Amino acid sequence: MPDAASRPVVRIPALLFSVAVVGGLIGFSWEHAVYRGSDSHQEWSPPELDTDVEVSSRAWVRTPAEEAILQRALVHFPPYPNATRPEALAADYLGPGAPMAVAWFSTPDTPARVLEHYTQALLAKGLPVLHQRQGEKGGYVGYWSPATEEVRLVSTLAQGGETLVFVSSGQVGAMLQRAAAVPDWVPVPGELAEARTVNFNLEGASHHVVAGQLTASSPTEAARRYGDLFRERGWSVGPSVPVAPDGVAFEVLKESASGRAVLRGHSPGPGVEVQLTLLRRSVAP
């Protein structure tokens with residue numbers, strides 16, 4: 001049946017988009033799309049231990065809930081040979097019908113080495129590998145399981161002389177089916193096609209990611225037009241900088257909101273892909 005056969009191919013980019021958004025919330029962001037600069041206070045830190053638990057004992061004892069999260073997140077990937085002990089990070093925060101489990105560990109190896117290790121591991125299993133590299137800072141590698149409609153990813157982030165590795169497995173199809181509207185304050189071109197939006201409310205902030213396609217002859221042209229739209233809406237717009245592969249990016253800032261727009265040549269075919277990531281911090285009354 002043609003429709004059933006083609007559906008997985010159509011859904012992979014959208015599913016991967018959603019899990020990449022989740023990765024941004026736990027430490028891996030699209031080329032620092034949210035965070036301006038690289039000050040140490042902006043770096044991601046593991047969840048702190050409870051103050052009423054001894055570190056020496058807590059470091060070796062996991063709760064049944066944590067063990068369950070680790071099993072769900074790690075079962076699809078072999079252990080990394082040069083790393084700290086994996087720890088549970090988060091689970092099932094995407095809403096009803098979208099189970100997600102995330103674990104993390106650290107290693108002194110570079111993001112490139114970690115990603116290459118898991119790329120080869122997945123290829124050895126005969127799995128179709130999905131991947132994206134974000135320069136020297138990180139990237140992700142993983143695959144999509146059509147049987148369970150899960151996206152399984154290893155995301156990396158270079159930070160503080162080590163690499164933080166986030167392993168996730170999530171069924172995010174249900175989340176994609178829930179309509180997500182772009183907030184009125186977010187500048188989005190009216191001609192943006194195939195738009196996908198994910199909005200998350202965090203403690204003290206909200207995180208918004210919009211992706212879609214524009215008709216333009218080049219990413220540079222699209223970036224100029226999109227930057228003008230931000231300026232018309234009262235935003236400060238930084239200079240455009242090249243990003244690989246075949247892309248242009250610029251930072252934006254307005255009051256308590258900051259972020260980055262990344263525009264890349266669409267492949268295959270003409271047009272430009274847009275990825276806008278914004279973080280809006282709550283302002284105390």
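All of these numbers come straight from a predicted model, not from anything done at the bench.
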Q: Please list, chain by chain and in numerical order, all residues satisfying side chain to side chain contact (heavy atoms under 4.5 Å, CB included) with T84, sequence neighbours excluded.
A: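 T84 satisfies side chain to side chain contact (heavy atoms under 4.5 Å, CB included) with F105, S106 only.
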Q: Going by side chain to side chain donor-acceptor pair (under 3.5 Å), name the residues that satisfy it together with E221, two or more places apart in sequence or in a different chain.
A: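 Scan of E221 (side chain to side chain donor-acceptor pair (under 3.5 Å), adjacent residues dropped) gives S217, R225.
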Q: Side-chain contact test, heavy atoms from C-beta onward, threshold under 4.5 Å: evaluate it for V165 versus Y80 and give yes or no.
A: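 Sidechains of Y80 and V165: no contact.
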Q: Going from NE2 on H208 to CG on L276, what distance comes out if it is rounded to the nearest 0.5 angstrom?
A: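 That separation rounds to 10.0 Å.
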Q: Taking all heavy atoms of V188 and all of V210, pick out the closest pair and write down the distance.
A: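 Result for this residue pair: CG2-CG1, 4.4 Å.
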Q: Who passes side chain to side chain contact (heavy atoms under 4.5 Å, CB included) against A222, sequence neighbours left out?
A: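 If we apply the side chain to side chain contact (heavy atoms under 4.5 Å, CB included) test to A222, skipping adjacent residues, the hits are L214, A216, L263, V272.
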Q: Given V274 and L192, is the side chain to side chain contact (heavy atoms under 4.5 Å, CB included) satisfied, shown in steps?
A: CA-CA 9 Å; V274 178; L192 188 68; 4.2 Å; yes
Q: Among the clusters formed by ILVMFWY side chains lying less than 4.5 Å apart, do V102 and V75 turn up in the same one?
A: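 V102 does not cluster with V75.
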Q: Only counting residues at least two apart or in another chain, list the ones meeting side chain to side chain donor-acceptor pair (under 3.5 Å) with Q120.
A: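 Per chain and number, Q120 pairs via side chain to side chain donor-acceptor pair (under 3.5 Å) with E116.
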Q: Which residues pass the side chain to side chain contact (heavy atoms under 4.5 Å, CB included) test with A68, not counting sequence neighbours?
A: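 Not a single residue meets the side chain to side chain contact (heavy atoms under 4.5 Å, CB included) criterion with A68.
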Q: Establish whether V154 and I69 are linked, either directly or via other cluster members, by ILVMFWY side-chain heavy-atom contacts under 4.5 Å.
A: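 V154 and I69: separate clusters.
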Q: Which residues pass the side chain to side chain donor-acceptor pair (under 3.5 Å) test with E67, sequence neighbours left out?
A: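 So E67 forms no side chain to side chain donor-acceptor pair (under 3.5 Å) with any residue.
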Q: Looking at every heavy atom in both L70 and A88, which two are closest together, and how far apart are they?
A: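 Taking L70 first and A88 second, the nearest heavy atoms are CD2-N, 3.5 Å.
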Q: For L115, check side chain to side chain contact (heavy atoms under 4.5 Å, CB included) against everything at least two apart and list the hits.
A: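 Per chain and number, L115 pairs via side chain to side chain contact (heavy atoms under 4.5 Å, CB included) with R133, V141, T156.
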Q: Which atoms form the tightest heavy-atom contact between P219 and G265, and what is the distance?
A: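 Taking P219 first and G265 second, the nearest heavy atoms are CG-N, 3.5 Å.
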Q: Examine distances only and state if a side-chain atom of S256 and a backbone atom of R280 form a donor-acceptor pair shorter than 3.5 Å.
A: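 Absent.
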Q: Can you get from L253 to V248 by hopping between Ile, Leu, Val, Met, Phe, Trp and Tyr side chains that sit under 4.5 Å apart?
A: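 No, L253 does not connect to V248 through the hydrophobic network.
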Q: Donor-acceptor pairs are to be reported for all side-chain atoms of residues 232-243 against protein atoms at under 3.5 Å, with residues two or more places apart or in another chain.
A:
{"unit_1": "R233", "atom_1": "NH2", "unit_2": "D184", "atom_2": "O", "d": "2.7"}

Q: Distance-only, no hydrogens or angles: does the Y226 side chain make a donor-acceptor pair with backbone N or O of V262 under 3.5 Å?
A: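 No, because the side chain of Y226 does not come within donor-acceptor range (under 3.5 Å) of the backbone of V262.
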Q: Can you list everything that forms a ring pair (Phe, Tyr, Trp, His ring centres under 6.0 Å) with F77? Sequence neighbours excluded, please.
A: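 Ring pair (Phe, Tyr, Trp, His ring centres under 6.0 Å) check on F77 returns Y118.
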Q: Hey, are E87 and R62 close enough for a salt bridge, meaning a charged N less than 4.0 Å from a carboxylate O?
A: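 A salt bridge is present here (some side-chain N lies under 4.0 Å from a carboxylate O).
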Q: Is there a side-chain contact between P81 and H117, using heavy atoms and a 4.5 Å cut-off?
A: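 P81 reaches H117 side chain to side chain.
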Q: Just do the side chain to side chain contact (heavy atoms under 4.5 Å, CB included) check on L153 and V167 with the steps written out, would you?
A: CA-CA 6 Å; L153 288 183; V167 185; over 6 Å; no
Q: How long is the gap from CD on E150 to OG on S168, to the nearest 0.5 Å?
A: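 Interatomic distance, E150 CD to S168 OG, rounded to 0.5 Å: 10.0 Å.
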Q: Kindly compute the distance separating CG (L157) from CG (L164), expressed to the nearest 0.5 Å.
A: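 Those atoms lie 5.5 Å apart.
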Q: Taking side chain to side chain donor-acceptor pair (under 3.5 Å) as the test, write out the residues that go with H76, two or more places apart.
A: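 Result, side chain to side chain donor-acceptor pair (under 3.5 Å) vs H76: R152.
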Q: Does R231 have more than 12 heavy atoms from other residues, nucleotides or ligands lying within 6.0 Å of its CZ?
A: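 Correct, the count exceeds 12.
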Q: To the nearest 0.5 Å, how far apart are CZ in R260 and CZ in F250?
A: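 One finds 10.0 Å between CZ of R260 and CZ of F250.
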Q: Look up atom OG in S169 and atom CE in M100, then write down how far apart they are to the nearest 0.5 Å.
A: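 Rounded to the nearest 0.5 Å, the OG-CE separation comes to 7.5 Å.
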Q: About how many Å separate CD of E255 and CZ of R281, when rounded to the nearest 0.5 Å?
A: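 Taking CZ in R281 and CD in E255, the distance rounds to 14.0 Å.
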